Structure formats: structure tokens, C-alpha cells
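Just so it is clear, the structure is predicted and the values come from calculations on it, not from any experiment. Sequential numbering from 1 along the given sequence is applied to the chain's residues. Only this structure's heavy atoms are used, side chains among them; waters, hydrogens and symmetry mates stay out.
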Amino acid sequence: MGKKTLILGVIGSDCHAVGNKILDYALTEAGFNVINIGVLSPQEDFINAAVETNADAIIVSSLYGHGEIDCRGMREKCDEAGLNGILLIVGGNIVVGKQNWEDVYSRFRKMGFDKVYPPGTTLETTIHDLREELGLL
């Protein structure tokens with residue numbers, strides 16, 4: 001079985017690159033084939049990269065707080081592009097201000113995200129969950 005391919009990027013008008021680079025490095029070291037589309041990426045860039053590479057998962061990062069707006073409709077667009085059931089993950093500072101995490105989590109799950117991570121989630125947690133979700137454990 002070959003390496004699992006992950007699309008990684010920072011969505012919307014967010015230009016926070018440090019976390020993106022750390023994730024890229026850690027996921028690559030963990031044995032994944034990481035296609036890093038970088039910062040300031042619209043949904044279409046994630047989806048096009050996933051289609052082109054037959055990716056197993058899309059990992060959306062957002063630190064500037066507008067992830068909720070930037071991520072709306074992404075599951076539907078994935079489905080329309082033929083990516084039915086692709087693992088969709090989002091994490092970071094994905095909403096503006098201090099909000100109840102259970103509410104934030106619930107809203108992103110309703111938008112079709114399989115995994116929703118709060119700020120401060122460890123790389124180990126993300127890697128473990130990816131391995132579990134992609135049948136590598």
C-alpha cells in the first residue's frame with residue numbers, strides 16, 4: 001500500500017505560514033505524501049489539488065479567525081468535484097473571539113468536516129487521528 005496523500009493549506013485570506021510549515025514537516029516525517037498548497041488558498045485550490053493527486057484527505061488550517069466563513073460549502077464542493085467521502089479536516093483559530101468549543105465543533109461537523117481541531121491540538125493527535133481515519137493503524 002502506497003503513502004496516503006494529504007492536501008494541506010491555509011484557507012481564505014489567511015497568510016499564517018509558520019503552522020503550515022510545521023504541519024507539512026511533521027506529516028511528511030510521519031510518512032504521508034503532503035501536497036502543501038500554501039497560504040491564501042481558496043476552497044477551489046484545495047479541491048483541485050485533491051482531484052489532481054487523488055488525495056485521501058484535505059487538511060484546512062486557519063489562524064485569522066474567519067475559517068467558518070471560508071469553509072462554508074466546502075463539503076458540497078468536494079462532492080460536486082467527485083471527492084465524495086474524502087476526509088475533511090479543519091483546525092486552528094477557526095472562529096472569531098472566544099466561543100464555546102462544543103458549539104464551534106458542532107457547526108463545523110454540520111458543514112461536513114470529519115475532524116475539527118481547536119487551537120493547541122498536538123501534532124501527535126492529528127497524526128494519530130489521520131492514521132486511524134485512513135486505516136493505517
Subject >> Where L130 and A57 come nearest, the two heavy atoms and their spacing >> reply: CD2-CB, 4.3 Å
Original post:
Is the backbone N or O of D114 less than 3.5 Å from a side-chain atom of R109, with the two atoms forming a donor-acceptor pair by type?
Top reply: yes
**OP:** Let me see the working for H66 and V96 under side-chain contact (heavy atoms from CB on, under 4.5 Å), right down to the final yes or no.
**Re:** CA-CA 6 Å; H66 298 287; V96 175; 3.9 Å; yes
Original post:
Under the side chain to side chain donor-acceptor pair (under 3.5 Å) criterion, do N20 and Y25 qualify, and how do the steps go?
Top reply: CA-CA 9 Å; N20 176 268; Y25 177 80; over 6 Å; no
Original post:
Which distance, rounded to the nearest 0.5 Å, do you find between the CG of N48 and the NZ of K77?
Top reply: 11.0 Å
Original post:
Between CD1 of I37 and CD1 of I35, what distance do you get to the nearest 0.5 Å?
Top reply: 10.5 Å
Original post:
Less than 4.5 Å apart, any side-chain heavy atom of V60 and any of M74?
Top reply: yes
Original post:
Between K3 and D56, is there a side-chain N and carboxylate O pair less than 4.0 Å apart?
Top reply: no
**OP:** Considering non-hydrogen atoms only, spot the tightest contact between L63 and G92 and give its length.
**Re:** CD2-CA, 4.2 Å
Original post:
Is the shortest heavy-atom distance from the side chain of T126 to the side chain of T121 under 4.5 Å?
Top reply: yes
Original post:
Short question: side chain of S106, backbone of E102 - any donor-acceptor pair under 3.5 Å?
Top reply: no
Subject >> Heavy-atom pair with the smallest gap, counting every atom of R75 and L88 >> reply: NH2-CB, 3.5 Å
**OP:** Looking only at non-hydrogen atoms, find the nearest pair between I47 and A81 and report the distance.
**Re:** CG2-CB, 3.5 Å
Original post:
Of I86, L87, I89, which meets side chain to side chain contact (heavy atoms under 4.5 Å, CB included) against I58?
Top reply: I86
Subject >> Joint hydrophobic cluster, V34 plus V90, side-chain heavy atoms closer than 4.5 Å >> reply: no
Subject >> Contact summary for G67 and F108, nearest pair of heavy atoms >> reply: C-CZ, 3.9 Å
Original post:
Under 3.5 Å, is there a donor-acceptor pair between the Y105 and N100 side chains?
Top reply: no
Original post:
How far apart are the closest heavy atoms of H16 and V10, and which atoms are they?
Top reply: O-CG2, 3.5 Å
Subject >> Student check: side-chain heavy atoms of F46 and I11 closer than 4.5 Å >> reply: yes
Subject >> Beyond-backbone contact of K4 with N33, side-chain heavy atoms, under 4.5 angstrom >> reply: no
Subject >> Within one Ile-Leu-Val-Met-Phe-Trp-Tyr cluster: L8 and Y117, side-chain cutoff 4.5 Å >> reply: yes
**OP:** State whether a side-chain donor-acceptor pair under 3.5 Å links D129 with T125.
**Re:** no
**OP:** Applying side-chain contact (heavy atoms from CB on, under 4.5 Å), run through I59 and I7 and close with a yes or a no.
**Re:** CA-CA 6 Å; I59 303 173; I7 305 303; over 6 Å; no
